[in-house]
2 protein chains.
Amino acid sequence: MSGIRVLVVEDEPLIAEDIRETLDNIDFEVSGVAYDSDIALQELAENTPDIVLLDVNLGSAMDGIEIADLINKKYQIPFIYLTSYADRSTVDRAKHTRPMGYIVKPFDDRDLFTTLEIALHNFSESQPKIELDLELLNSKVLAKITQKEFEILISIFEGKTNRQMADQHFISLNTIKTHVKNLYDKLDVHTRTQAIAKLREMSSYHA
Amino acid sequence: MSGIRVLVVEDEPLIAEDIRETLDNIDFEVSGVAYDSDIALQELAENTPDIVLLDVNLGSAMDGIEIADLINKKYQIPFIYLTSYADRSTVDRAKHTRPMGYIVKPFDDRDLFTTLEIALHNFSESQPKIELDLELLNSKVLAKITQKEFEILISIFEGKTNRQMADQHFISLNTIKTHVKNLYDKLDVHTRTQAIAKLREMSSYHA
DNA sequence: GACAAAATCACCCTGAAGGGTGAGGAATTA
DNA sequence: TAATTCCTCACCCTTCAGGGTGATTTTGTC
């Protein structure tokens, strides 16, 4: 079993129970089922699910999208919308809440399983971590960055000082300085913070 | 019309044409249709689509997942898998390629539309940009960070020097220094790069 | 072995960052 | 009004980063 805890927020008991069964079958744990927004908030606070299945249209105080807003603000856990219709304006409202998935009813076990798997995986990948890939970097930079320079770039990225790097790599402080200088030339920057900003920039855009 | 250019990679001509029609109806532009991986690669190189609809099972040299790998390596554009089945191992292989969506056949116009919209939106949001949110930050930090300090933190994040910040904010260099010092105390760091690293760290984890 | 590329190190100098202390003025609130 | 918080600024001092130049050694490749 995966042990992934799922909160189901769905005001239609029949569908909710169907989902619960499906989740049982595909090895997810249901941390709770909420029929309205009040229970949903309570469940979120008390049972800390790993992911939320969220019906967009709840016949309660808050609808799914409002709950999503709150999840983003308070909990930062991924959620997947369930909806029986998907008009333009709903999609527009919904997408601004950055759902990790969107399932249009009717859906079957496979839909649920794959969407959950992908959503969880994407979520863990979506954490603001910069993909530090030498090859990718070299395809976007003036001169080729060498292996050692790359290691040093990572250390800079991690907030290390030149002294710390020297100790860590067992080489002279002067050597570190040389590498850093060459790195700056290649990245076309002049300070370490600029180098970091450049890294972000380069991994953000595609040519 | 949205003007979003979609590449369809699907070896079954009937389905491919159906998708093309659907996309026309929902205001997406089809940049090309590829029936095998060779054509797909060519289309990717020549027509620079904004997003790719990718059949997992292609009867050609590379399957959809291999194409996805290549997209990640070379183009970094979002893609959505289309598949008629979704067994455990396929899902496992697929999710490592970080698709922005996953549609299980049969699907209808609504599925396609919402998945495309969400995928595109999530993609633009997923760019490694750190969500700099003062409230969120303050919930994770020793002492409360003030508005001005926050502005300065953003400037540091962007690679600015103290001098540049002083000019930009029309205040004295000494004042910037004071703010920076206070900021370091609150973030429990000692250098700007450490502050940036701390920011990444804090926006990566949820309590 | 010759050559090129990468890694190693040194020295010097300037400027920026980091850290300590103190202090005045504005705005908010008790 | 007194207290508090925040923003503002100054001075001093130490450390670190950044930039220029040049040199040796190691490594891999033709």
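Labels below follow one simple rule: chain letters A, B, ... track the order of the sequence lines, proteins then strands, and each chain is numbered from 1.
Listed pair N162(A) / dA17(D) meets the phosphate criterion, a side-chain N or O lying under 4.0 Å from OP1 or OP2. The side chain of R163(B) places no N or O atom within less than 4.0 Å of a non-bridging phosphate oxygen (OP1 or OP2) of dA16(C). Remark: Y184(A) is not in phosphate contact with dG19(D), judged by side-chain N or O atoms under 4.0 Å from OP1 or OP2. Contact between the side-chain N/O atoms of T178(B) and the OP1/OP2 oxygens of dT8(D) is not found at any separation under 4.0 Å.
Checked by atom type and distance alone, the side chain of E29(B) never pairs as donor or acceptor with a backbone atom of S31(B) at under 3.5 Å. Remark: side-chain polar atoms of E46(A) are not paired, donor with acceptor, to backbone N or O of E43(A) under 3.5 angstrom.
For N174(B), the listed nucleotide lying nearest its side chain is dC11(D); candidates were dC11(D), dT8(C), dA17(C). For R192(A), the side-chain atoms get nearest to dA17(D) when compared with the rest of dA17(D), dT8(C), dC7(D). Between dG18(C), dC9(D), dC7(D), one nucleotide has an atom nearer to the side chain of S172(B) than all others, and that is dC9(D). Checking dA16(C), dA17(D), dA7(C) against the side-chain heavy atoms of K177(A) singles out dA17(D) as nearest.
dT5(D) atom C1' lies 19 Å from atom CZ of F150(B), rounded to whole Å. Nucleotide dC9(C) holds its C1' atom 10 Å from the NE2 atom of H179(A), rounded to whole Å. Rounded to whole Å, the distance from CG on D188(A) to P on dG18(D) is 15 Å. Between the CD1 atom of I152(B) and the C1' atom of dT8(D) there is a distance of 11 Å, rounded to whole Å. Atoms CE (M165(A)) and P (dG18(D)) sit 9 Å apart, rounded to a whole Å. Taking atom CD of Q147(A) as the reference point, atom P of dT8(C) lies 11 Å away to the nearest angstrom.
Remark: the T97(B) side chain and the Y81(B) side chain contain an N/O donor-acceptor pair separated by less than 3.5 Å.
Residue contacts for K181(B): at a heavy-atom cut-off of 4.0 Å it reaches a base atom on one of the strands shown. Looking at heavy-atom distances under 4.0 Å, T175(B) makes contact with a base. Using a 4.0 Å heavy-atom cutoff across all strands shown, T191(B) reaches sugar-phosphate atoms only and no base atom.
Along DNA chain D, the nucleotide closest to K148(B) and the one closest to H190(A) are compared, and the more 5′ of them pairs with K148(B). Between E149(A) and L173(A), the residue anchored closer to the 5' end of DNA chain C is E149(A), taking for each the nucleotide with the nearest heavy atom.
Closest non-hydrogen pair, L183(B) versus E149(B), comes out as CD2-O, 3.4 Å.
Taking the ring axis of F28(A) as reference, the NZ or CZ atom of R20(A) does not stay both within 45° of it and closer than 6.0 Å to the ring centre.
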